[in-house]
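Data first, discussion second: the structure below is written as structure tokens.
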Amino acid sequence: MKRDPGRDSPYAAPPPLPRSARSLVVAAYALLAVAIAMDLATNPTLTFSPVLATAPVLASIGTRRARVPLITGLLALAVVAPLALADPDVALAVHLTAGATVLAITLVSTANVVLVATRERELLQSRSVAEAAQRTLLRPLPERVDGLRVAVRYLAAAAEARVGGDLYEVLSTPYGIRLIVGDVRGKGLSAIETAADVLGTFREAAQVEPALGTVARRLDAAVGRRQAGEEFVTAVLIGVPRSGGPAELVQCGHLPPLLWHEGRVTEVDAPLPDPPLALRNMVPGPYRREHFAFAPGTSLVLCTDGVTEARDATGRFYPLAERLATFPDLAPDPLLDRIVADLRAYTGGALSDDAALLVVRRER
């Protein structure tokens, strides 16, 4: 499995301030400098020294180093004395109050930076634990499985997004090659636990159950036993026979797969998809199986909604099928590189949700 390399470490520096925020901070520093200059140049009965209390607050914006507001505040405190000498007609109590205010706000700003930095480290460390669990769960896939070439990508979301429950697996079984792509409704460790249950059940059931619909029913029961509130899993199950015949599809509320061959893209959809896993009791009866042609030289593209719900600057969703139709004929691995690069360019580099992409190409 290849992952997007842009993850933050628990000790990463904070992201740079947006340009508009930087402009406001610079303007505030400029006003502070103007106030000091006016204090030195105007009536000795008037002082602007209280405005020096804004210096440590400004210095604390966008930093995670406590010494930045602390040093800035101490320098501002040192400026209070020259201003007091420049304004001899101002009451001493006013200058003392200004100095005390600068010192107090310096300490508060420094403490706030320490608190924010500590909370961010704790949050990123928790996320790292969840990501490590997810990487253990999503085992690397072989490049070739019984006449199929396989490639997968897991795209990490933006730093502020929580870890998702995207899942995938490709298995060689006595009944042909079976694969699954799914997405747990929810985020965080609970979603990863549900994904672990689904994958564990799939890895066992796919090897012993002759019917793909029975595999889906066992997955539904596994998710239902968790009793995790309104949690459910969308999934698509595919069976590919070794004999070269048509492939089989069981669609459980998930995005339909795409068949890609020589620039043509076809959606493989079930006329009546089954409900997501854990919601089967809403629609009684057996799972519906659809068969579709999967000829040699054709690639099957599956993904989670982190791909199709990615948006550009105007809010439009990423049109995977349309983009796929414009790509040259590529093997699964370079095809996924092309899709990922195009998706990143479309969204400006950031995703709002984790996403998984799986491509299998039939070679014989």
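H95 places no side-chain N or O within 3.5 Å of a backbone atom of V80 that could act as its donor or acceptor partner. Judged purely by atom type and a 3.5 angstrom limit, E322 has no side-chain atom pairing as donor or acceptor with the backbone of A325. For D269 (side chain) and P256 (main-chain N/O), no donor-acceptor pair under 3.5 Å exists by modelled atom type. Side chain of T63 to backbone of A59: no donor-acceptor contact under 3.5 angstrom is found. Between the side chain of T304 and the backbone N or O of A356, at least one donor-acceptor pair lies under 3.5 Å. The main-chain N or O of D312 is never found under 3.5 Å from a side-chain atom of Y318 such that the two would form a donor-acceptor pair. Of the possible donor and acceptor atoms, none in the side chain of D333 sits under 3.5 Å from a partner among the backbone N and O of A151. Put simply, the side chain of H254 gets close to the backbone of C303: a donor and an acceptor are under 3.5 Å apart.
Salt-bridge check for R185 with D305: failed, with every basic side-chain N at 4.0 Å or more from each acidic carboxylate O. Ionic pairing of R217 and E209 is not present here: no N-O contact between side-chain nitrogen and carboxylate oxygen is shorter than 4.0 angstrom. Contact check on D197 versus R225 returns no salt bridge, with no Lys/Arg side-chain nitrogen under 4.0 Å from an Asp/Glu carboxylate oxygen.
A side chain to side chain contact (heavy atoms under 4.5 Å, CB included) with V184 is found for one member of D166, V223, V233 and no other, namely V233. E248 pairs in a side chain to side chain donor-acceptor pair (under 3.5 Å) with only one of the listed residues (R178, R289, H291), which is R289. Under the side chain to side chain contact (heavy atoms under 4.5 Å, CB included) rule, L75 has a single partner from T72, I71, L77, which is I71.
More than 12 non-hydrogen atoms from other residues, nucleotides or ligands lie less than 6.0 angstrom from CZ of R288. Counting heavy-atom neighbours within 6.0 Å of E267 CD, excluding the residue itself, gives a total above 12.
Proximity of L357 to V340: side-chain heavy atoms (C-beta onward) are separated by under 4.5 Å at one or more points.
Residues forming a side chain to side chain donor-acceptor pair (under 3.5 Å) with E290 (at least two apart in sequence, or on another chain): none.
Y154 and D354 form a side-chain donor-acceptor contact under 3.5 Å, judged by distance and modelled atom types alone. Side-chain polar atoms of T314 and R316 form a donor-acceptor pair below 3.5 angstrom. Residues S172 and D146 bring a donor and an acceptor atom of their side chains to less than 3.5 Å of each other.
A cation-pi contact, defined as under 6.0 Å to the ring centre and within 45° of the axis, links R280 to Y287.
In terms of heavy-atom proximity, V102 sits nearest to G73 at CG1-O, 3.6 Å.
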